[in-house]
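Nothing here was measured: the structure is a model prediction, and the numbers come from that model.
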Amino acid sequence: MTITDAFLALSARTGRFTFGAPRAYTFAEDGTRLLLLRSAGPEDPVDRLHLLDTATGDERLVADPAALLPGRTGRRDDLPAVERRLRERIRLVAAGIGTYAATADLATAVFTLDGRLFRTDTTTGTSDELPVAGPAFDPRPDATGQRVAYVAEDALYVTPGLEPLSPADGARWGVAEFAAAEELGRARGHWWRPDGGALLAARVDESAVPRRYFADPAHPGEAPEDFAYPQAGGPNADVQFWVLGLDGGRVPLRWDREEFPYVCAASWASTEEVLLTVADRLQQNVLLLSADPATGVTTELSRTTDEFWVDDLPGTPDRLADGRLLTVLDTPQARGLALDGKPLDTTGLQIRRVVGTLHGRLLCETGEGDPFHQYVHLVDPDGGAPERLTAGPGLHMALAAADTLLLTSATADGVRRVISRDGHEIPLTDLSAMLPHRVEPRLARVTERALPTAVVYPRDHVPGRRLPVLLDVYGGPGYQAVAAEPRRWQLKQWWADQGFAVVTTDNGGTPFVSPDFSRTIFRRFSQVALDDQADALHALAATHPDLDLGRVGVRGWSYGGYFAALAVLRRPDVFHAACAGAPPTDFRLYDTAYTERYLGLPQDNPEGYDDCLLTDAPGLSRPLLLIHGLADDNVHPSHTLLLSQELVRAGRPHTVLPLPGVTHMTPGGLGEQLAQAELAFLRASLG
């Protein structure tokens, strides 16, 4: 086996170096205990549930799938079809216990395996299986842990008993619709009232939404899949929220759903109040609503308005324990916070997420200076200066409860997770494989737009030796590619070691630089990304003379696949070959919540929607490899099929690689196998 093959094989066996690492943390409300998921080692994909005492550091295994379902691996391909599809709804590729929910004191945890429902007593480490009406999804315990709400066959149930709590009216109950789960950050569809007497539940009517179909050759014995997919300009699901009492009471919450069809967040503030965050269709107005669960009447608490779109800031809008309203406060150059409309002191920071509170102050993940790094700050709600809790470069994240803090710090040296409580520090056990490379990309801001960029060279590179360039790109809104997080650079280093200078650039439209930077793509996708990526390449070549701009390949997935194809179609003078994975080829066929946020409605911005890959297909003059998963429920395989048809019609040679059994995510070692296929294509294309 070659060194190249050894790295790819190791990456596949270790889940890209994630197996064995702790994840999915939940603190007890008093901070004394922590639940987490972790597998047994670096090559074990099956997650188990563990409980940690934050005072002593003692950790216990409390639920093991192997003991509950002997002989089951929990791997995706080994699951029955219904469980596999349930996991795909929430983009879950983990094996074993993929997700769980717990009571506030962590005494009880619930989860599903193969569609079967289990409840665990975390004190004794014993689990019992609860009878269910069908394959169970998204179980949630009440405050006591005695009752569990779950979804089966799109109805909402409560244990014990096998009759649905939700009415049989043809709608889906207790789940998040596609737009909410995929684009709005709300994966849930039901919430217990604090006293356990009722549930807040989403009612989703998809009867007006067109359906999409695919037959996956990886599972030939199964019926073709179909699902409701809201296309840009077309109808959305009709989403209502109801309070369903265990005594049979049913109260719909009332707001202007025509004007504000999206529910971005929902929660119980108390037994007498529900909080809803709703948005209009173009997401230019976001409201925080207070709802009376007894009457369904809603009252507007805050309104955030933006002429472009309201960019989501996790943790806002919200009401603090003292009643003050926390909202985002954007200026052209910075993301800040306001309480009851009064700006807080966040000078020099870009607020990225409000995690919660710690020691009476707001715990925030932040940018400070160059956007490559993320820090953790405490922001004083009474106006004092922010305090940084993390030191040094890297990507730092936080979680807290009461006075207990968990800090995760990812740097070039690896990932470290430490709990701080009562002046003591407890590191979390990490059984994942050591990263094979210590990669320190050469980070820089280039052009007058100060675009964030990174260059990775082969480890054996000799200055003066010219290298073909590989642009490894995403480029779309919502994702930062150039960040000091070590795992994301491992595969880039492998690409570099194959003889490329690997370049990554965050063009205008990507997050965490400034609101103005993100909004440059308003009503247009392609031109800003193309201009920025091309300009960055030329600017980098001025300071990196070994970049051979006569041989430039580009690869990407999803929006990155769209950009890769766009690059060779429109700028063959700069980009000479492309590997385009799962590219949206016509944004009229993409979903409402994402596309309309940036491009508006098709009837209002026809030029923006006409600016698509299908239009440019006849001009292809460079090698193009199209890759698509045949089970992709985000960018449907028809996108690539349509582009290929246009290329064939125009007589333009190209290559298509279909991937049976693959959704929009690429599970297991498939990403590594794809890398080999792409490498062969790029070597042949670039010489």
Is the shortest distance from a Lys or Arg side-chain nitrogen in [X] or [Y] to a carboxylate oxygen in the other one below 4.0 Å?
X      : Y      : answer
Arg519 : Asp306 : yes
Glu365 : Arg352 : no
Asp330 : Arg335 : yes
Arg524 : Asp611 : no

Hey, could you give me the CG/CZ distance between Leu10 and Arg16, rounded to the nearest 0.5 Å?
13.0 Å

Which distance, rounded to the nearest 0.5 Å, do you find between the OG1 of Thr585 and the NE2 of His628?
8.5 Å

NZ or CZ of Lys492 within 45° of Trp495 ring axis and under 6.0 Å:
no

Kindly state each residue pair satisfying salt bridge (charged side-chain N to carboxylate O under 4.0 Å, His left out) with at least one member in residues 526-537, sequence neighbours excluded.
Arg449-Asp532

Got a sec, which pairs hit salt bridge (charged side-chain N to carboxylate O under 4.0 Å, His left out) with one end in residues 618-631, sequence neighbours left out?
none

Evaluate Tyr479 against Tyr474 for ring-ring contact (aromatic ring centres under 6.0 Å, His included), listing each step before the verdict.
CA-CA 8 Å; Tyr479 179 72; Tyr474 182 72; 5.3 Å; yes

Is there a side-chain contact between Asp430 and Leu428, using heavy atoms and a 4.5 Å cut-off?
no

Just wondering, do Pro515 and Thr331 contact through their side chains at under 4.5 Å, heavy atoms?
no

Donor-acceptor check, side chain of [X] to backbone of [Y], threshold 3.5 angstrom: yes or no?
X      : Y      : answer
His576 : Gly553 : no
His654 : Arg652 : yes
Ser685 : Phe681 : yes

Closest heavy-atom pair, Gly509 versus Thr520, reported as atoms and distance to 0.1 Å, is N-OG1, 3.4 Å

Checking side-chain polar atoms at under 3.5 Å, does Ser558 have a donor or acceptor matched by the opposite partner on His664?
yes

For residues 437-457, which residue pairs qualify under ring-ring contact (aromatic ring centres under 6.0 Å, His included), counting only residues two or more places apart or in two chains?
Phe7-His437, Tyr457-His461, Tyr457-His544

